[in-house]
Protein chains: 2
Amino acid sequence: MNSESNSLFDYFSQFQKLNPKAEEAISEICSDVHVPKNRDLQPIGHTCRTIYFVKKGLCRTYYYKDGLDITESFAFENSLIARVESLFTGIPSKKGIQTLENSEFIGISSPALFDLYDQFPEIERLFRKIFEAAYVDTVNRIESIQFHTAEERYKDLIRNSPDLLQRVPLKHIASYLGITQVSLSRIRAKY
Amino acid sequence: MNSESNSLFDYFSQFQKLNPKAEEAISEICSDVHVPKNRDLQPIGHTCRTIYFVKKGLCRTYYYKDGLDITESFAFENSLIARVESLFTGIPSKKGIQTLENSEFIGISSPALFDLYDQFPEIERLFRKIFEAAYVDTVNRIESIQFHTAEERYKDLIRNSPDLLQRVPLKHIASYLGITQVSLSRIRAKY
DNA sequence: AGTCTTTTTTAACATTTGTAAAAGGAATCT
DNA sequence: AGATTCCTTTTACAAATGTTAAAAAAGACT
């Protein structure tokens, strides 16, 4: 990992302060990854062994459902992305990670990270807090999916991520919202 | 906590072995709670400060959406229940926990538990793993909600929890599935 | 500029689910 | 047993979303 990647530790510091030795240990299991637009960062079918921090660019997790490409999530600059249903179980993931722009990531080896947990309780604590926060987001998303109309979810999405529309094809936004492109077009036509 | 409550530590042992001192420390922050059928174990509007283990009986988390009672989740014997969106944030929960049968719980004080994390890294690790598994379940549930029809979700639910139908009013099952009672009735009428 | 491909919108029709009201059943209480 | 309340189903109609196909718009490539 190169020296100007402090954005990662800035991100971590929201959750847990780390002493220099712990930061050093994490740095050693990180690597910089550059991926052009519309390429797979991680293909479907492999066990997730890397947690990515998005330094620049934008990506999505996706999978195929009845032959259709479904976007599960988007990840913007300064956020982490991983396929936790594989990361925490060791089961090969049915999901892939694909860039939507030319992007730069910091990849953190998860087996190496989990080994650091024994040596540095503060690192275990850091990632515990990170995933607890992600868990809370997921719980809240269920409520949003189940009890808001597609139109409400669309409005919420663009309110929370205004540049999504500029940066992501509508077809991915539609599948993320759980509706068809046609249905999204109808919603958009109202305004 | 009384002496025959080893079901809790049996449950924990799936995730993480604990040495006797750690078990002892957890025991000290637990208490037995008996609640009759159809009562609130935890009311809506309070910050979640207790994680419950269901020793006997059955309960649900619920909240009100536009005046309607919505069931977010069910918890059977030998499982944990908490309102994580409050537990991990300190924000008062919009959700309550209600019994559906006469039930017995072990309540674990979460502030006391979080204090134990400093003293016993193995306890922090135990709950890290517990909530990681719960997080994975939640991620998988999103896929189920978004890309299966209500009919598929109903069939999955009764396949995975066959006694749910015997133990829970259909109105709660309907709201859990994200549909109306009428719609659930229509689905059931097909068989 | 022109061609090719991909993305987005529009249209017509089918299906699913919601809403409101009523009726039928089941459980509870005295 | 009778009354009351709650739960579940049924019916009729409305609204939202899906499906399929075609047209329009935008982007990519020579």
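Residue numbers begin at 1 in each chain, while the letters A, B, ... track the order of the sequences.
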State whether a side-chain donor-acceptor pair under 3.5 Å links B:Gln16 with B:Arg125.
no
Let me know the distance between CG of B:Asn38 and P of D:dC6, rounded to the nearest Å.
12 Å
Nearest-0.5 Å distance, OH of residue B:Tyr63 to CD of residue B:Glu85:
10.0 Å
Inter-residue atom distance A:Ile173.CD1 - A:Thr71.OG1, 0.5 Å rounding:
9.0 Å
Angle between terminal axes - the helix from C:dA1-D:dT30 to C:dT30-D:dA1, 5 pairs each end, rounded to 10°
50°
Can a salt bridge be assigned to the pair A:Asp32 and A:Lys55 using a cut-off of 4.0 Å between side-chain N and carboxylate O?
yes
So if I take residues 159-173 of chain B and measure heavy-atom distances to DNA chain D, which residues fall below 4.0 Å?
B:Pro169, B:Leu170, B:Lys171
Are B:Glu77 and B:Lys56 close enough for a salt bridge, meaning some N to O gap below 4.0 Å?
no
If I take atom CZ in residue A:Phe147 and atom C1' in nucleotide D:dA16, what distance separates them, rounded to the nearest angstrom?
17 Å
Atom pair distance, as rounded to whole Å: CD in B:Gln181 and C1' in D:dT9:
10 Å
Write down the distance between CG (A:Leu177) and C1' (D:dA16), rounded to a whole number of angstrom.
15 Å
Evaluate the side-chain proximity of B:Phe76 to B:Arg167: yes if any heavy-atom separation is below 4.5 Å, no if none is.
yes
If I compare all heavy atoms of B:Leu18 with all of B:Ile26, which pair ends up nearest, and what's the gap?
CD1-CD1, 3.7 Å
Using atom CD1 of A:Ile145 as one end and atom P of D:dA16 as the other, report the distance to the nearest whole Å.
20 Å
Any salt bridge between B:Glu143 and A:Lys65, counting N to O under 4.0 Å?
no
Presence of salt bridge, B:Glu124 and B:Arg128, under 4.0 angstrom:
no
What residues from residues 61-68 of chain B pass a heavy-atom cutoff of under 4.0 Å to DNA chain D?
none
Do the ring planes of A:Phe131 and A:Phe88 sit parallel (below 30°), tilted (30 to 60°) or perpendicular (above 60°)?
perpendicular
Would you please classify the geometry between the B:Tyr11 ring and the B:Phe53 ring as parallel, tilted or perpendicular, with 30° and 60° separating the classes?
tilted
Output yes when B:Arg141 and B:Asp156 qualify as a salt bridge under the 4.0 Å nitrogen-oxygen rule, no when they do not.
no
Between B:Phe114 and B:Tyr117, how do the two ring planes meet: parallel, tilted or perpendicular, split at 30° and 60°?
tilted
side-chain hydrogen bond (donor to acceptor under 3.5 Å, both in side chains) partner of B:Glu72, the single match among B:Lys94, B:Arg83, B:Lys95:
B:Lys95
Heavy atoms, side chains only, cut-off 4.5 Å: are A:Ser185 and A:Arg188 in contact?
no
Apart from B:Val33 itself, members of its ILVMFWY cluster (side-chain separation under 4.5 Å) are B:Val35, B:Leu41, B:Tyr52, B:Val54, B:Ile81, B:Ile97, B:Phe105
To the nearest Å, how far apart are A:Arg188 CZ and C:dT7 C1'?
11 Å
Can you name the atoms? Protein N/O to nucleotides 11-17 of chain C N/O, anything below 3.5 Å, with the distance.
residue	atom	partner	partner atom	Å
C:dT17	OP1	B:Ala150	N	3.4

What pairs of nitrogen or oxygen atoms, one from the protein and one from nucleotides 23-30 of chain C, lie under 3.5 Å apart?
none

